[in-house]
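See structure below.
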Amino acid sequence: MDPQIQEKMQKIFRGELKYKSANLAFNMLITKSRKKVAEDPGSMEGCMKELEEFLAKYPIVAKVDLANIAML
Amino acid sequence: MLVELKEAVRLINEGRTLHIAADDMLLKQLPKGKWVGGTTPYFIGDEGGIFSRDLLFVNEIDYADEISVSVYGKYNVFQLVEECYDNGLAILIMPYGSNVAAKYAREAPEVEELLMHPTFGWISGYDLDAGGEAKVYDGTTGTSYTDRAVVMYLRLPEGKTAMINMINIFEDDKTDPVIRFHENDLSVKKCTVNGQEVDFAEYIRKKGIDTRMPLVADYNGSYFNISVKSIEDDRVSFYAPVFKNVDYRFAVRVDDYAAEFEKRIAEAGARNPVMSCNCILNYRYGELNGRKIPPYTGPVTFGEVAYQLLNQTLVYCEILG
């Protein structure tokens, strides 16, 4: 994952940056990761790994989200 | 599309892959074949909402390379995350009031990998005025169940992706008090309102809250509803579980459901949903009988599944790519 996007996603998971996707599953993943990171900041690495797997699984949908996140 | 029994039989006998919703009297007459189904006599058809015990709602699935069907109980329903095709879609149907539906509702949000597997589904029901028994059907064996989940797995061609989404006409007012619950549960007595412990039934009564409006939780801008089923004695029961550590508020009142749907449908911008289902509470409270909400047609259901169980929501699936 592009380091810039990685940094922005970490900010989204920490609640420092807001992003709403048109993809319901992505919004659910963000909510779940935010909750995990808020409860245990050490879980960030696992959340980022899950995110990478998610984005790799849905390249058609991820393309739009990644472009939008890059512009945040 | 809504069809008569003989047309549904013809499609099955031609070997088509089908997702079917209908009254039990019709489903039990269908021959074995590549289909799964669930009971409901309520539908949203091309001509609008309709109650019928003579018509079946049929989605033909002509976009899958391969299909398989499995039946699960409450102890193994989450095998679906292992049995899904790598690039696929799962169509999950569970009977209303069954243990498997309760288990799925409570635990799905915590299941690892669930979001990696597009899962569209619904809770089967019955005629609310006449009563009855909710069932699901595995058409490959011709067997019906009242306490099992049936899943049709679809393998999609390379380059295609299933995207599950929803249309929810409800949202919260962020200035309203935040309601939190202590456990993941389908029925509660206590909760906290803005951090203060209260008796939830008493709180609803005192505030004069219209419980036709669901509780809503904000999942990163996507609102998830929990509908109130009943308030008996001092307990409040729901159609889907509330979860601990989630902030809920009662939804802002919606007066014209169909108009609100039209607005949200335009915002959603889905071009070609291959499948959808809409909640019985939207149908009833929103008086959708006879009212169209194109392009979304499908069964009217006792719960909707977009990965996890939802209430008072329209859920749809698109195939992208």
Applying a strict 4.5 Å limit to non-hydrogen atoms, the region of Lys18(A) in contact with chain B is neither
- [ ] Considering only NZ, NE, NH1 and NH2 on the basic side and carboxylate oxygens on the acidic side, decide whether Arg106(B) and Asp185(B) come within less than 4.0 Å.
- [x] yes
TODO: Report yes if the distance between the aromatic ring centroids of Tyr316(B) and Phe120(B) is under 6.0 Å, otherwise no.
DONE: no
Bottom line for Lys20(A): the part with an atom under 4.5 Å from chain B's heavy atoms is both
So, the part of Met163(B) with a heavy atom under 4.5 Å from chain A: the answer is side chain
When the 4.5 angstrom heavy-atom criterion is applied to Phe26(A) and chain B, the contacting part is neither
Between Trp122(B) and Ala21(B) the two heavy atoms that sit nearest each other are CH2-CB, 3.7 Å
Whatever's closer than 4.5 Å to a heavy atom in chain B on Leu29(A) counts as both
When the 4.5 angstrom heavy-atom criterion is applied to Lys36(A) and chain B, the contacting part is side chain
Q.
As a quick check of understanding, evaluate side chain to side chain donor-acceptor pair (under 3.5 Å) for Gln79(B) and Tyr72(B), giving each step before the final call.
A. CA-CA 8 Å; Gln79(B) 274 182 22; Tyr72(B) 302 109; 4.9 Å; no
Under 4.5 Å to a heavy atom of chain B? For Glu39(A) that would be side chain
| message | I'd like to know whether CG of Asn194(B) has more than 12 heavy-atom contacts from other residues, nucleotides or ligands below 6.0 angstrom. | response | yes
| field | Centroid-centroid under 6.0 Å between Phe170(B) and Tyr223(B) rings | value | no
